[in-house]
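Okay, so here's the structure we're looking at.
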Amino acid sequence: MASKAGLSLQVFGRSLSQLKAVVSAHNSSFLRQATTALANGRPYSTEKQPEEAAASAAGAEQKAVSPEVDRLTKELADSKEQKSELMDKYKRALAESENMRTRLNKQISDAKIFGIQSFCKDLLEVADTLGHATQAVPKDKLSDNADLKSLYEGLTMTRASLLQVFKRHGLEAVDPLNQKFDPNLHEALFQKEDKTVEANTVVEVTKLGYKLHERCIRPALVGVSKC
């Protein structure tokens, strides 16, 4: 009975020694932390420090705000894209409007300039008739016949006055004799052999052509040389 009691005392002694060692180690760790805190000029506490608490709160707030930031960022990107599309459409519409305005101004200008084109074409027949009349007068009989001379001079003056009116309104005669054939201004009626000039040269003019402000309203009827 005494041996059992002695054995229990030994076990209790060893447990007590281990407990003292654990308490001593815990006190040493606590003492080091306290000493470090005092050396840094701040009191030691077993509670969380304010910086750690603030960092934890900031992290939680950031996690809560992050979806809202993502949503606003996406809305901003969509708004910028929509603005770019609208700006592109605006510039296109502005360019089309400017082009239309330019075309309309040109049409108005052309209408002012070429509005008399049909009237001019009708007067060309009058000028042709006067030209044929002056050419039909026999020049060798002018000196012997005063009436014929007066008629010829009157026709010549009338035709010259008409051509002056034409010129004043931008209508000019085109006489391409001895010029290179131009299909934009001349209409070839026939070809004629002529060794004195190059090929495709106008050697005969049957009817004068006319231009209204550099626009051909009647091509000259001509004969062209050939090799």
Side-chain angles (χ1 to χ4, degrees), residues 88-227:
D88 183 65
K89 291 181 180 179
Y90 168 73
K91 289 181 179 179
R92 289 177 182 272
L94 192 64
E96 290 178 1
S97 176
E98 183 65 21
N99 292 336
M100 183 177 292
R101 186 183 68 83
T102 302
R103 287 196 300 269
L104 289 176
N105 287 339
K106 187 177 185 305
Q107 291 176 359
I108 293 172
S109 177
D110 290 345
K112 290 180 180 179
I113 295 175
F114 301 108
I116 60 172
Q117 180 171 322
S118 298
F119 179 67
C120 290
K121 285 183 177 181
D122 293 338
L123 287 180
L124 294 182
E125 298 299 329
V126 178
D128 292 338
T129 302
L130 289 174
H132 294 323
T134 55
Q135 291 176 1
V137 175
K139 306 298 187 297
D140 55 342
K141 295 182 179 180
L142 292 178
S143 58
D144 298 333
N145 192 330
D147 293 335
L148 184 60
K149 182 178 181 181
S150 297
L151 177 62
Y152 175 77
E153 289 177 351
L155 291 174
T156 302
M157 291 176 63
T158 302
R159 185 172 184 273
S161 178
L162 183 61
L163 293 178
Q164 286 294 327
V165 173
F166 286 173
K167 189 174 183 179
R168 206 160 45 239
H169 291 277
L171 183 63
E172 297 182 2
V174 177
D175 186 359
L177 187 62
N178 296 325
Q179 296 179 9
K180 206 70 176 176
F181 177 76
D182 185 352
N184 296 317
L185 300 175
H186 313 146
E187 182 178 341
L189 298 179
F190 58 88
Q191 285 186 316
K192 182 178 180 181
E193 290 188 5
D194 192 337
K195 303 295 184 180
T196 61
V197 295
E198 297 180 356
N200 293 325
T201 300
V202 177
V203 294
E204 188 174 338
V205 180
T206 303
K207 183 182 285 189
L208 293 176
Y210 282 89
K211 292 190 302 182
L212 179 62
H213 296 287
E214 301 302 323
R215 176 189 288 184
C216 180
I217 63 173
R218 191 182 78 178
L221 304 182
V222 299
V224 183
S225 64
K226 66 178 181 178
C227 297

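One-based numbering along the sequence shown.
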* Take Leu142 and Glu153, measure what side chain to side chain contact (heavy atoms under 4.5 Å, CB included) needs, and give me the verdict at the end. => CA-CA 10 Å; Leu142 292 178; Glu153 289 177 351; over 6 Å; no
* Between the side chain of Ser109 and the main-chain N/O of Asn105, is any donor-acceptor distance below 3.5 Å? ->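 It does not hold such a pair.
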* To do: Indicate yes or no for a side-chain donor-acceptor contact from Ser161 to the backbone of Met157 under 3.5 Å, with no hydrogens or angles considered.
  => no
Rounded distance [0.5 Å steps], [atom1] in [X] versus [atom2] in [Y]:
X: Asn200; Y: Gln191; atom1: CG; atom2: CD; answer: 7.0 Å
X: Leu171; Y: His213; atom1: CG; atom2: NE2; answer: 8.5 Å
X: Lys226; Y: Lys195; atom1: NZ; atom2: NZ; answer: 9.5 Å
X: Thr102; Y: Met100; atom1: OG1; atom2: CE; answer: 11.0 Å
X: Phe166; Y: Arg159; atom1: CZ; atom2: CZ; answer: 9.5 Å
X: Gln135; Y: Thr156; atom1: CD; atom2: OG1; answer: 10.5 Å

* **side chain to side chain contact (heavy atoms under 4.5 Å, CB included) between Asp88 and Arg92, intermediate numbers included** => CA-CA 6 Å; Asp88 183 65; Arg92 289 177 182 272; 3.0 Å; yes
* Asked: Please walk me through it: do Phe114 and Ile217 pass side chain to side chain contact (heavy atoms under 4.5 Å, CB included)?
  -> CA-CA 10 Å; Phe114 301 108; Ile217 63 173; 5.8 Å; no
Nearest heavy-atom pair of [X] and [Y]: which atoms, and what distance?
X: Glu204; Y: Leu177; value: N-CD1, 3.9 Å
X: Leu123; Y: Leu162; value: O-CD2, 4.4 Å
X: Val174; Y: Ala220; value: O-CB, 4.1 Å
X: Asp147; Y: Asn145; value: N-OD1, 3.1 Å
X: Ile116; Y: Ile113; value: CG1-O, 4.0 Å
X: Thr134; Y: Tyr152; value: O-CE1, 3.4 Å

Taking the side chain as every heavy atom from C-beta outward, state whether [X] and [Y] have any pair of such atoms under 4.5 Å apart.
X: Pro176; Y: Leu185; value: no
X: Arg103; Y: Asn99; value: yes
X: Val137; Y: Leu151; value: no
X: Ser225; Y: Thr196; value: no

* Is it the case that more than 12 heavy atoms not belonging to Lys180 sit under 6.0 Å from its NZ atom? ->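 Correct, the count exceeds 12.
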* NZ of Lys112: more than 12 outside heavy atoms within 6.0 angstrom? -> no
* To do: For the pair Lys207 and Glu187, find out whether any cationic side-chain nitrogen is under 4.0 Å from an anionic carboxylate oxygen.
  => no
* Could you label the plane-to-plane angle of the His186 and Phe181 rings as parallel, tilted or perpendicular, counting under 30° as parallel and over 60° as perpendicular? =>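 Tilted, since the angle between the ring planes falls between 30° and 60°.
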* I would like to know whether Asp128 and Arg218 meet side chain to side chain contact (heavy atoms under 4.5 Å, CB included); could you show each step before the answer? => CA-CA 12 Å; Asp128 292 338; Arg218 191 182 78 178; 2.6 Å; yes
